[in-house]
**Q** 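This is the structure I have questions about; it appears just below.
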Amino acid sequence: MSNHVEIKNAVIRFAGDSGDGIQITGSMFTHESAILGHDISTMPDFPAEIRAPAGTLAGVSSFQLNFSSYEIDTPGDQPAVLVALNPAALRANIMDLAPGGAIILNSDAFTKSEWQKAGYASDPLADHSLSGFKIYPIPVSSLTLAAVENTGISRKQAVQCKNMFTLGVITWLYDRSIEPIKRYIDKRYSAIRPEMAEANKLALQAGYNYADTVELFTGKYQITAAKLPPGVYRRVTGNEATALGMLTASELCGRPLFYASYPITPASDILHELSKLRHFGVITMQAEDEIAAMGMAIGAAYGGSLGLTGTSGPGMALKSEAIGLAVMTELPVVIINVQRGGPSTGLPTKTEQADLLQAMFGRNGESPVAIVAPATPADCFHMAIEAFRIAVRYMIPVVYLSDGYLANGSEPWRIPGPEELPSMRVKFHRDRDMPLPYVRDPQTLSRPWIVPGTPGLEHRIGGLEKQDGTGDVSYNSRNHEIMVGYRAEKVRRIAEVIPPLTVSGPETGDLLILGWGSTYGAIRHAAENARNQGLSVASAHLKYLNPWPANTGEVLGRYKHVLLPELNSGQLRMLLRAEYLVDIIGMNKIMGKPFLMTEIEEKIQTILGGVRPLKTAAVTC
Amino acid sequence: MSNHVEIKNAVIRFAGDSGDGIQITGSMFTHESAILGHDISTMPDFPAEIRAPAGTLAGVSSFQLNFSSYEIDTPGDQPAVLVALNPAALRANIMDLAPGGAIILNSDAFTKSEWQKAGYASDPLADHSLSGFKIYPIPVSSLTLAAVENTGISRKQAVQCKNMFTLGVITWLYDRSIEPIKRYIDKRYSAIRPEMAEANKLALQAGYNYADTVELFTGKYQITAAKLPPGVYRRVTGNEATALGMLTASELCGRPLFYASYPITPASDILHELSKLRHFGVITMQAEDEIAAMGMAIGAAYGGSLGLTGTSGPGMALKSEAIGLAVMTELPVVIINVQRGGPSTGLPTKTEQADLLQAMFGRNGESPVAIVAPATPADCFHMAIEAFRIAVRYMIPVVYLSDGYLANGSEPWRIPGPEELPSMRVKFHRDRDMPLPYVRDPQTLSRPWIVPGTPGLEHRIGGLEKQDGTGDVSYNSRNHEIMVGYRAEKVRRIAEVIPPLTVSGPETGDLLILGWGSTYGAIRHAAENARNQGLSVASAHLKYLNPWPANTGEVLGRYKHVLLPELNSGQLRMLLRAEYLVDIIGMNKIMGKPFLMTEIEEKIQTILGGVRPLKTAAVTC
Amino acid sequence: MLMNEQATRNEHVQQYTRKDFISPEAVRWCPGCGDYSILAQMQRVMPTVCAELNLPRENIVFISGIGCSSRFPYYMNTYGFHTIHGRAPTIATGLAVSRPDLQVWVITGDGDGLSIGANHLLHCLRRNIDIKIILFNNRIYGLTKGQYSPTSEKGKKTKSSPMGTMEAPVNPLYTAMVAEATFVARAIATDSDRLREILLRAARHRGAAFVEVLQNCNVFNDGAFDSFAEKAVMEERTLILKDGNPLIFGKNGDKVLKMRGGSHGLEFEVAPTAETPADKLVLHNEKSPRNYLARLLTTLDEATLPVPIGVFQAIDRPHYGAQLQDQIAMARKRNGPGKLFEHLHNADTWSVT
Amino acid sequence: MLMNEQATRNEHVQQYTRKDFISPEAVRWCPGCGDYSILAQMQRVMPTVCAELNLPRENIVFISGIGCSSRFPYYMNTYGFHTIHGRAPTIATGLAVSRPDLQVWVITGDGDGLSIGANHLLHCLRRNIDIKIILFNNRIYGLTKGQYSPTSEKGKKTKSSPMGTMEAPVNPLYTAMVAEATFVARAIATDSDRLREILLRAARHRGAAFVEVLQNCNVFNDGAFDSFAEKAVMEERTLILKDGNPLIFGKNGDKVLKMRGGSHGLEFEVAPTAETPADKLVLHNEKSPRNYLARLLTTLDEATLPVPIGVFQAIDRPHYGAQLQDQIAMARKRNGPGKLFEHLHNADTWSVT
Ligand SMILES: Cc1ncc(C[n+]2csc(CCOP(=O)(O)OP(=O)(O)O)c2C)c(N)n1
Ligand SMILES: Cc1ncc(C[n+]2csc(CCOP(=O)(O)OP(=O)(O)O)c2C)c(N)n1
Ligand code: SF4
Ligand code: SF4
Ligand SMILES: [Mg+2]
Ligand SMILES: [Mg+2]
């Protein structure tokens, strides 16, 4: 039983009913893994209902964690271990489990009525449907109840401790100490609910002891710490990192942050995070709807704050008219869209990348905005700062495209020092001798930021076309064309201040896999694996989507094939094809789920197994 | 003075203050021209303000008419005659006048204060700035006052008659009788304002007599009637034809028309027209905003009516979330967007084609809709019917893209007979044995239209992703992908029932000029002119924008060059380039004004004068 | 001419039972949620509604926005449309106006109906569209997991207001009154008999009916209405409105609500019934269209005065759809029924041969 | 920490004249439009506002939506923002809350503010945002050339309602009252002295002020207010509200407005002043926060009762911005002022070396 197996990474998924505390269990184990120096990446998944009927497929909640001794960027394709607290959790997750993977399950929950509720026709533990896996049935419910018997909590509360029991089992399995978790429980819950904290610790210990005693498992797994760059780390979800990045942008600019938002999944947590920051002078407002939130952000930007609003797809649709106003009045507003499955209300808790074209074109008239998209949860911090750096420098609305997978997923984040952050102090225009609000900076083409309260520069702006220079209303034809041109050119010039597109892997070769947004990890590692197999495959990631880095066309031209995996039907692909007339190969998944590395690896095989060569026409136009 | 000059067409522009009755004058003359058998095409232009200060440039209103002995489709590039009732009208329009053109002006209005108000530094009649034109100064104001002296109307009213005086002059100039206009005045105004009708007729007569007597002009112009296809004609503006087409669609389908709209320029007239049709059972509702109007149309479509809503760009932005609901619930709604200059409030009374990409992509998620666009004011009738034909057959929202130029422009319309109209009777699904709202027709992929009130088919629909077949809520990944696929494929299949793209001119050749929407006339005639000069130039017009006719790619491939003039920065061009990887040449004008034929002709010269050859890569993808 | 074939209702509608209104869809609210009771009462009252109004089940439609409450239509075995956030009244308007043969219900929440959707609510009430609106007020955002709503009490600490909210709450019923709603009522989700009675009265009303149902969200705002809706205190803390009756409440009707005028304007006060002469009692009147008292009753301070339950107002005013049908009839009388080809030619035409 | 440098106001503000508030932009309303008078009074009152509140001109901002009325900001020589249809209150909210040093005015129309934008109006009033909202009510859509508006009288025939409208009109002031506006007033565009007085009082108010100005659109709805706003009848047909005074109006104050209770609820009636004992007179009270009388005064039937003009309500309630600053101060007291890098590290961290 002291059989120690050294492995490089582990992918484990906790699954149970929405009420089973799965997200908390996952989080705690993740936290501990991070502290132990592993690289981590997580993916929670929960139903759109607050709490669907217990025991049904609709009510299953899950949390997947990949922790590793090397650098990772995805929560892993297939869990090697599945913890299933009831039959529904088993049924909803079994298809993702790696062949031969381990299932740790709560045997108490596999009663006939329960497996029927989950939609099984026969007892999955009795029929042979699970024969390809290693099964570890544990009477979790009854053991937990026994463990917490004397704490004086109610039976309902006692049952709720079963997640801690399984956490104890898992902790043992990966050869860890349970002490840090106990400390964590104490720190978080002792003060508020001491008897529950006590019960949780007892259940945890019981699970650990059980695994240690019962000889259920043939061995323990050991994973060494990952070699991450030196520094101080914390774990962040994408939404947390976004909130921190926006705060940081505000401090770097020396302008207050103003966040207006209307709650919507999966963006609400950004509102929750930022509303805790009153001591920074951060203003948050829960608006009556998304239109109002956009209007408020515009008003704040007009007054010299960093105007920020955040939402998800349907809310983005509502903001579109007002975003047009920000385009016309050239005010620096950042709009966060944490994308989810669409169209319409769609799949609120699932991830998708299908709002790119909405961000590009979802307004009347020629109405260009800048667009950025973070690649990983931790990258959200960086790209949030970038969004405001562009917005204030170019006096332009910037759309920041996150998604559900980034928003709720987490990874370790090395906290940067002040010297690592860009300098982006803003200055308002105060020169009374140049009182024209639409005279442009010759380099950036941005108009001056003149805020009310500045003496001598009183002026009027609005949504009607403006006269070049003066900003007065103008219906002049020629002027309209000029102004449309300026607004477009201003976006193009942003390319001057964003980093070029870089590739991982060979600088030229057979295949470039291009990505944007949350597909980063799967793409990068799939390409790496392909290279390890001797294939000539590079990967590159577009974090700036309007404009693209100046060298984008050139990079695309260096490879025989370009593959573009997207969680949509080919939105970026269409834009790149139109611009560069390059026959980019699409790879599209619209299932509310991220790509698996293996899916991309298979696609690489198909392409390099000898399909159509890249057809290139004019590379410029 | 009986010097009769036979000409083929005449382009004349009336211009004056907003309060001068310019639009009425233009309309009357147009009307008479149409009745005389000319082909006509008109273009009104008026300020965004209801009535800007008299005498200023901002207050100038104008109306251009092209009437002709042959078939025309544009109001003409450059007027040969400009009627200017004040200095501001002169100044705002002079740059469009053809070299050597005639200016008929109200000399009474050229006082110092008036020409200063118009922004002239010196008297334009005294300096030599107008030397390139023929000037006919007439003291219109005083002659009018004298003519109506004894009718007992107020001075203010008397002054208002001066437009009729100029109409008299013009009527003489084109060798017409004024009797039809008198009859028209009688018919329209005698009953309501008899003294004004009388005064108007007197002023008209006075103008006519003046021209006849004063020997101001060197001759009269005669234009023979155009050879239009036989039939009964009436004049229609695009908005009128749209309203008539929608009514006709309703009658053809045998389903009531329900129109909900929120007033907005230049779409409001559709609401005004349709609200006169209560006796057809047409329901119109002025909604509280555009979102509500869209919601109402969806509700009506759900109930089995033809659900229709109409707006312009900013209103379209507001509707976007609800359009997504129609996409998800697959209900046949038609959304009219009478495009105007953007972005934001933009140029409300000017025309533009910059909302195509908004129509395509302005929603969250993968949310495809069908798109059609009429080519001329009269074509609005036909395309309105097409919009509903597609909507009900495919159970899909259809965007109908008109624009300000079509909406307010007019031309003769041959009224079709019943036998010329498509049959499109709709049937609701009533089969109790197949109670599934998302089971698809194998051919069209459309789901059945099951309306409330149908016994045994009670079901629930909504904006969440639906289970294939049952329509139940489904968060299943695979199902989501299937449904996204169906919604996209459904749009593609529409290509099966729309006419192929046809060309005017050679079937293969050096240049194809492709257009969409209101650019039709300018493109067609420019291409015709080029052919007359021996160039190998064809033209084709896309009236179906999503999907395109099935042969579109094939047609594009038959020409060395493809030119795509658009009143935007290249929106259709981008889509076509992405789809066919063809290096289409863009020609873009964003000035709130339609293309001139000559502009396109010049572009043809530039291209066929020998520039870059067409680069083609894969034609499919 | 193009009248709906559904426009004529069945002569005799079948007898339904509660079960006929239970849809096959599994209910997905949290255990203990107040929504269950509202659903149950609706399902129980529907057979009566159908019988009374001679309405077949297929002519009933439930339309909702987004929120926990807005899942309601899935569970009713009628036609149902779960639309988008805040817009249910607009979709219901299009349906009700174009299909006068249907009975259209709108289900909404305090966020759906009073935050993002308040404007539509307002306009559909003043249009007096023939729809029955049930607003589930739990004073919280349930579906998005616990942010404050427009009806949350001032100072409430939630995920989005960690230091407390700063806005005055919206009063749903008073807002409905101002919007000229013709039927205005309040019920409590757990007070099932009265809830059913009120749903039935809403169903009978022609025109826009607005019903606020106070509903406990036991996950994010547990006990929000306990101070007056708990069994033990309800009699003392609520005032059951009865048309034509004085505003008496409390055990054995021992208390009465009165108005007091004076130099500081008008105010309400509670007095012992015994000490109030009968002719000084104000009587509740549902049917007076300019009844200020009914309006003011919607505004009582919950902390110090009893909470009125029941029908505040139920007046007869032609609804939008009816007026529209009148216009159609009048237009047909004036112009004859529309004839398409005549109409296309109804302009200054000319012939080319 | 990141407080605005503008937050401190000038010690002594220069003396302005009316001319200082006239912008160079040419005014583009129709000749005879009621908007001119409102503009003139605003420009005339501004020097007083600035002097009284020690406010420099550059700290004044006018924000509008879309409509004829919403062109207003172009003509004021202050900061101005002509936004989009119906959304001015939202933009003003963002500005006012983030810049407490500014005085923010919102200019809106009956369509802009009560049709597409009513929801924002409602929410910004209940938040008591420190902005002054002037709604130009001409009971018509001017800029889009003559469709009916939410305040158009029922049955009105317009381009979009050729057979007459069917909806009950919105009552702007009553709606503002329900939305818990802290300052509510009505003026008539042509009644210049009183208009100026009311604008001044709105300017002085801290919190959301709502002023309805009745404005004639002589092109599309001429004479809409003649029945009571014409010089000849005004004294008889309007009731000038004065705080602490009875509701007396008419020549020499010969008439009085009274309330009547009874079995049919509460109603208003007009009586001769002479026949009404002084102690039976209700007194107008602007400042009582739960003053039902003030609310009801917004609802008088225009045809049969006098039209009240003046300030209906002016109560003191902490505005949103002030409460927010309190929260910021409290948070700083509790946590110290935010320090970025401390905050970034304020989590469970670990070191990799
Ligand atoms: C346009 C849009 N914005 C936001 C949301 C997110 N959202 C869903 S329900 C809801 C509020 C629900 O509150 P309420 O109406 O009170 O319903 P409850 O869940 O409390 O029954 C919100 C903000 C959405 N679905 N769509
Ligand atoms: C989103 C949007 N919808 C519609 C319009 C068109 N529109 C401009 S002003 C207006 C109504 C104006 O009425 P009101 O607010 O009463 O102002 P008034 O012109 O009467 O002063 C409308 C519908 C618009 N500009 N934007
Ligand atoms: S979150 Fe609240 S309102 Fe929603 S289902 Fe659960 S208990 Fe009910
Ligand atoms: S249309 Fe009416 S409101 Fe608009 S400017 Fe003219 S008179 Fe004034
Ligand atoms: Mg709620
Ligand atoms: Mg108005």
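Here is the naming used below: chain letters follow the sequence lines, and residue numbers restart at 1 for every chain. The model shown is predicted, which means the values in this text are computed figures rather than measured ones.
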**Q** With chain C, which of D/Q327, D/E180, D/M330 has the greatest number of heavy-atom pairs at distances under 4.5 Å?
**A**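 Sorted descending by pairs with chain C, the first entry is D/Q327.
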
**Q** For the candidates C/G117, C/P150, C/A179, which exhibits the highest count of non-hydrogen atom pairs separated by less than 4.5 Å from chain D?
**A**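 Among the listed options, the one with the most contacts to chain D is C/P150.
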
**Q** Would you check if the side chain of C/N137 reaches a backbone N or O of C/G109 as a donor-acceptor pair within less than 3.5 Å?
**A** no

**Q** Sort D/K154 into side chain, backbone, both or neither according to what part of it lies under 4.5 angstrom from a heavy atom of chain C.
**A**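 Interface part for D/K154: side chain.
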
**Q** Strictly distance-based, threshold 3.5 Å: is any side-chain N or O of D/T276 a donor or acceptor partner for the main-chain N or O of D/A271?
**A**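 No, because the side chain of D/T276 does not come within donor-acceptor range (under 3.5 Å) of the backbone of D/A271.
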
**Q** Between D/T298 and chain C, with a heavy-atom cut-off of 4.5 Å, which part of the residue counts as in contact: side chain, backbone, both or neither?
**A** neither

**Q** What part of C/L114 gets within 4.5 angstrom of chain D, counting heavy atoms only: side chain, backbone, both, or neither?
**A** backbone

**Q** Under 3.5 Å, is there a donor on one side chain and an acceptor on the other for C/Y148 and C/E153?
**A**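 Result is no, nothing qualifies.
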
**Q** Of the backbone (N, CA, C, O) and the side chain (C-beta and beyond), which part of D/L324 lies under 4.5 Å from a heavy atom of chain C, both, or neither?
**A**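 Both parts, backbone and side chain.
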
**Q** Does any backbone or side-chain atom of D/I129 lie under 4.5 Å from a heavy atom of chain C? Answer side chain, backbone, both or neither.
**A**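 When you check distances to chain C, no heavy atom of D/I129 falls under 4.5 Å.
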
**Q** Does any N or O in the side chain of D/E286 come within less than 3.5 Å of the main-chain N or O of D/I315, such that one atom is a donor and the other an acceptor?
**A**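 Side chain of D/E286 to backbone of D/I315: no pair is present.
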
**Q** Could you check whether the rings of C/F183 and C/H205 sit parallel, tilted or perpendicular, using 30° and 60° as the cut-offs?
**A** tilted

**Q** Has the side chain of C/S70 got a donor or acceptor atom that lies under 3.5 Å from a matching backbone atom of C/T108?
**A** no

**Q** So which of D/P318, D/G244, D/A294, D/S115 has the biggest tally of heavy-atom pairs under 4.5 Å with chain C?
**A**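 Most pairs with chain C among the choices: D/S115.
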
